[in-house]
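Below are the structure tokens for one structure; questions will follow.
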Amino acid sequence: MQLKFSLDSPLNSEVINYIQRFGHAKKIPGTVRYNVTATGNTIAHAVKWAVRYYGIQADGSFVKRTFCYSNGNIYLGNDVTGALTSVYSGLKVDCYPEHVIQQVAGNSRMFLFNGYDTPLYYEGDALGTFYQSAITYKFVQGVIKDDRLWGFTRNSSTLYFSRILYPEDFSVTYGGSIIIGNEKDSFIRRIELLGDDLYIFKNDSIWVLRGSTKASYTVDRVISNMGLLAQRALTQVSSALVFVCQQDKEIYEFTETPSPRKLSSNLFDRKIGFKDLLDLTKTDDIVCGWDTVNNLFRVSFNDIAARESYQNSELIFPTDDFNKGGRPKWSQTYGARISCYSLQTRQGDHELLTGRADLGALMYHNRGYDFDNRAIETILRTDDFIPSAGRNTQFDGLYPRGVPSNGTITIRAYLNHRHSGRSSQAMADIGEQDTLGGIVLSTQYRFGNYLPLLTGQNVGESLALEFYDAEHGKNIQLEDVVLDVVKRDKIRSALIPG
């Protein structure tokens with residue numbers, strides 16, 4: 001008898017450095033450096049902010065520049081040579097910068113906030129010149145709503161808004177401020193637009209500001225027992241906001257209906273949540289992003305198992321393919337060391353750049369199949385296959401199927417719910433080949449090798465499979481596996497009801 005199982009499955013118990021989507025599990029693409037020479041080789045030099053500035057000048061011309069923030073310095077990137085040049089220094093090192101862009105007097109003015117220093121702005125010149133803003137508030141973050149700049153300061157419940165089309169004028173006459181709740185030890189962590197409404201995420205509650213004029217603004221509390229865990233632990237995904245909750249440290253989806261949906265329960269069918277993976281002493285480092293280049297939700301964090309002092313892992317899921325019931329297809333990544341996300345998706349660009357969490361470098365994604373010349377370790381472990389509960393099964397062999405690659409992949413078999421004591425075999429996943437004019441060509445679009453299981457190690461109630469690889473420069477795509485099985489007698493030591 002043969003049984004077929006998809007390797008793009010919500011029942012997989014471990015998925016490391018794969019993306020599960022559209023019926024297959026594909027290895028996550030690699031990264032290469034934007035700047036070969038790092039701004040520094042310590043965690044203090046981690047790139048905590050990166051942006052692709054797309055500006056419109058007063059004369060109608062378009063400008064695009066790459067900037068990043070490392071060790072209290074703002075750097076301008078050269079997209080041809082990859083060189084980073086410091087254009088502003090002396091800023092706060094231990095912070096999480098944010099930016100917002102508004103058209104001012106015909107130019108796209110980008111404001112930079114970090115919560116500690118006087119805000120800066122840039123207007124598109126070739127030298128990457130930043131100027132001190134006339135804004136006196138040391139904003140943590142800002143957004144543009146109704147042609148006004150909205151912002152807040154650290155550990156505060158006060159939301160400020162500027163004069164229309166004058167983002168540096170916060171005078172009472174034209175601008176103003178609104179206090180969002182008055183609970184003790186409650187403060188704003190992030191503000192985010194969703195449609196026409198501005199949502200205010202505090203550490204202990206969620207609020208919404210509606211209206212379009214100074215006289216019509218109203219504020220309402222929409223969630224009273226949930227808040228945001230960290231400044232950057234939120235991102236918009238399609239028409240929803242996905243965030244990490246302060247209270248239970250889990251990931252939720254929030255829409256305009258006041259009932260957030262938990263997304264991170266029962267990760268990888270192991271009955272664990274995001275909290276179980278998270279180093280709770282480093283939650284401020286969490287950063288969420290919607291990667292529209294690869295159609296992925298991503299959250300970078302410090303994994304408690306790795307015990308490193310920087311973000312060493314991600315949880316990701318495709319935003320264009322879900323399991324039944326809308327449940328995300330979660331995977332975990334290790335090795336990319338991401339401290340911030342930056343998308344380049346305008347004026348002919350289609351790139352994801354990220355900041356390195358362990359040194360001063362920007363990273364291009366979707367380049368090769370290594371992380372900065374380091375081999376990517378991939379693991380996919382299935383759930384236990386149980387052909388007949390309470391009965392032994394003889395597992396004679398298996399046919400793994402996938403797209404041919406350029407080497408071997410290790411397949412390990414685990415009997416009877418074990419996590420060790422496996423049987424292991426190496427399988428060539430290159431497929432059949434022919435030589436044509438000195439060029440080796442694959443003659444198969446899918447490999448499907450048969451692997452027999454060793455006699456004496458192939459009888460039990462259940463079987464789990466693990467696919468493992470750690471080769472340099474290797475692409476992997478797994479699809480499904482077919483098992484050859486023979487059902488046998490009942491397990492004699494098991495209690496048989498009735």
Please give me the minimum heavy-atom distance between Arg154 and Gly115, naming the atom from each residue.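 Answer, listing the atom of Arg154 first, then Gly115: NE-O, 3.1 Å.
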
For residues Gln311 and Ser300, is any side-chain donor paired with an opposing acceptor at under 3.5 Å?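 Gln311 vs Ser300: no donor-acceptor pair found between side chains.
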
May I ask you to check if Arg65 and Tyr122 form a cation-pi contact, with NZ or CZ under 6.0 angstrom from the six-membered ring centre and within 45° of the axis?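 Judged by the rule (NZ or CZ under 6.0 Å from the ring centre, within 45° of its axis), Arg65 is not positioned above Tyr122.
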
Can you pull the salt bridge (Lys or Arg N to Asp or Glu O under 4.0 Å) pairs that have at least one residue in residues 215-228, sequence neighbours excluded? Glu183-Arg221

Just how far is it from atom CG of Asp147 to atom CZ of Arg163, taken to the nearest 0.5 Å? 12.5 Å

Salt bridge (charged side-chain N to carboxylate O under 4.0 Å, His left out) partners for Asp79, two or more places apart: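 Salt bridge (charged side-chain N to carboxylate O under 4.0 Å, His left out) list for Asp79, sorted by chain: Arg52.
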
Is there a donor in the side chain of Asp169 and an acceptor in the side chain of Ser171, or the other way round, less than 3.5 Å apart? yes

Would Ser186 and Asp204 count as a side chain to side chain donor-acceptor pair (under 3.5 Å) if you check the C-alpha gap in whole Å, the side-chain angles of each, and the deciding distance to 0.1 Å? CA-CA 6 Å; Ser186 175; Asp204 61 354; 2.8 Å; yes

Decide whether Lys138 and Thr118 meet the rule of one side-chain donor and one side-chain acceptor closer than 3.5 Å. no

Quick one: do Arg367 and Glu351 make a salt bridge, cutoff under 4.0 Å?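 Counted as a salt bridge, because a side-chain N and a carboxylate O are separated by less than 4.0 Å.
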
Derivation of the salt bridge (charged side-chain N to carboxylate O under 4.0 Å, His left out) call for Asp285 and Arg232: CA-CA 8 Å; Asp285 289 340; Arg232 304 183 299 165; 5.4 Å; no

Hey, does the side chain of Asn35 reach the backbone of Met363 with a donor-acceptor pair shorter than 3.5 angstrom?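 Absent.
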
Examine the side chains of Asp117 and Asn114 and answer whether a donor and an acceptor come within less than 3.5 Å of each other. yes

Is there a donor-acceptor pair under 3.5 Å between the side chain of Arg33 and the backbone N or O of Ala361? no

From Tyr252 OH over to Leu263 CG, what is the distance, rounded to the nearest 0.5 angstrom? 9.5 Å

Any side-chain donor near an acceptor of the partner, Glu314 and Tyr334, under 3.5 Å: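 Judged by distance alone, the side chains do not pair up.
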
Partners of Phe5 by side chain to side chain contact (heavy atoms under 4.5 Å, CB included), sequence neighbours excluded?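 Expected list: Leu3, Phe385, Val481, Leu483.
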
Can you tell me if Asp94 has over 12 outside heavy atoms packed within less than 6.0 Å of its CG?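 No - once you tally the heavy atoms of other residues, nucleotides and ligands closer than 6.0 Å, there are 12 at most.
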
Can you name the salt bridge (charged side-chain N to carboxylate O under 4.0 Å, His left out) partners of Asp276, sequence neighbours left out? none

Would the number of heavy atoms belonging to other residues, nucleotides or ligands and lying under 6.0 Å from CG of Leu280 be above 12? yes

Does Phe201 have its ring centroid less than 6.0 Å away from the ring centroid of Phe243?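 Yes - the distance between ring centres of Phe201 and Phe243 falls below the 6.0 Å cut-off.
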
Quick one: pull up CG in Leu277 and CD1 in Ile304 and give me the separation to the nearest 0.5 Å.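 CD1 of Ile304 is found 10.0 Å from CG of Leu277.
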
Would you call Lys48 and Glu98 a salt bridge, using N to O less than 4.0 angstrom?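 No salt bridge links Lys48 with Glu98.
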
Check: Tyr18/Asn12 side-chain N/O donor and acceptor closer than 3.5 Å: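 Not at all, the side chains of Tyr18 and Asn12 share no donor-acceptor pair under 3.5 Å.
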
Salt bridge or not for Asp320 and Lys329, using N-O below 4.0 Å? no

Would the number of heavy atoms belonging to other residues, nucleotides or ligands and lying under 6.0 Å from NZ of Lys275 be above 12?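 12 or below, so no.
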
Any luck finding a side-chain donor-acceptor pair between Asp59 and Ser61 under 3.5 Å? yes

Could you give the distance from CD (Glu192) to CG (Leu198), rounded to the nearest 0.5 Å? 8.5 Å

Between CG of Asn41 and NE2 of His45, what distance do you get to the nearest 0.5 Å? 8.0 Å

Under 3.5 Å: donor-acceptor pair, side chain of Asp321, backbone of Phe22: yes

Does a donor on one side chain and an acceptor on the other come within less than 3.5 Å for Thr213 and Ser216?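 Present: a donor and an acceptor within the cut-off.
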
Can you name the one residue among Thr218, Leu159, Asp197 that meets side-chain contact (heavy atoms from CB on, under 4.5 Å) with Leu209? Leu159

Using only heavy-atom distances, determine whether the side chains of Ser108 and Glu123 contain a donor-acceptor pair under 3.5 Å. no

Could you check Gln103 against Ile56 for side-chain contact (heavy atoms from CB on, under 4.5 Å), going step by step and ending with a plain yes or no? CA-CA 8 Å; Gln103 287 297 120; Ile56 303 175; 4.3 Å; yes

ring-ring contact (aromatic ring centres under 6.0 Å, His included): which pairs involve residues 83-103, sequence neighbours left out?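 Sorted pair list: Trp49-His99.
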
Suppose we screen for side chain to side chain contact (heavy atoms under 4.5 Å, CB included). Which residues come up paired with Val244, at least two apart in sequence or across chains? Leu229, Ala233, Ile251, Phe274, Ile286, Cys288

Residues two or more places apart in sequence or in another chain: which of them pass side chain to side chain contact (heavy atoms under 4.5 Å, CB included) with Ser133? Phe111, Pro119, Tyr121, Ile135, Glu168

Salt bridge (charged side-chain N to carboxylate O under 4.0 Å, His left out), that's the test. Do Asp358 and Arg356 meet it? Break it down for me. CA-CA 6 Å; Asp358 58 333; Arg356 277 283 285 272; 2.8 Å; yes

Assess, by modelled atom type and distance only, whether the side chains of Thr345 and His350 contain a donor and an acceptor separated by less than 3.5 Å. no

Just jot down the ring-ring contact (aromatic ring centres under 6.0 Å, His included) partners of Tyr364, sequence neighbours excluded, or say none. Tyr34

Is there a donor-acceptor contact under 3.5 Å linking the side chains of Arg189 and Gln141?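 Distance-only check fails for Arg189 and Gln141.
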
Any donor-acceptor N or O pair under 3.5 Å, side chains Trp207, Ser205: yes

Distance-only side-chain donor-acceptor flag, Asn312 / Asn302, under 3.5 Å: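 No, no side-chain donor-acceptor pair sits under 3.5 Å.
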
Apply side chain to side chain donor-acceptor pair (under 3.5 Å) to Tyr54 and Gln344, showing your working. CA-CA 9 Å; Tyr54 296 97; Gln344 301 184 359; 5.0 Å; no

Can you list every ring-ring contact (aromatic ring centres under 6.0 Å, His included) pair that touches residues 143-169, not counting sequence neighbours?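 Qualifying pairs, neighbours excluded: Tyr137-Tyr160, Trp150-Phe161, Trp150-Tyr217, Phe161-Tyr217.
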
Is it the case that over 12 heavy atoms from other parts of the model lie below 6.0 angstrom from the CZ atom of Phe322? yes

Just jot down the side chain to side chain contact (heavy atoms under 4.5 Å, CB included) partners of Tyr369, sequence neighbours excluded, or say none.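 Scan of Tyr369 (side chain to side chain contact (heavy atoms under 4.5 Å, CB included), adjacent residues dropped) gives Lys27, Asn475.
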
Holding to salt bridge (charged side-chain N to carboxylate O under 4.0 Å, His left out), I want the full list of residues that pass it with Lys262, two or more places apart in sequence or in another chain.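 With sequence neighbours excluded, Lys262 shows a salt bridge (charged side-chain N to carboxylate O under 4.0 Å, His left out) to Asp248, given in chain and number order.
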
With rounding to the nearest 0.5 Å, note down the distance linking CG in Asp469 to CD1 in Ile376.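 Reported value, rounded in 0.5 Å steps: 10.0 Å.
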
Partners of Asp291 by salt bridge (charged side-chain N to carboxylate O under 4.0 Å, His left out), sequence neighbours excluded?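 For Asp291, the residues satisfying salt bridge (charged side-chain N to carboxylate O under 4.0 Å, His left out) (neighbours in sequence not counted) are Arg298.
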
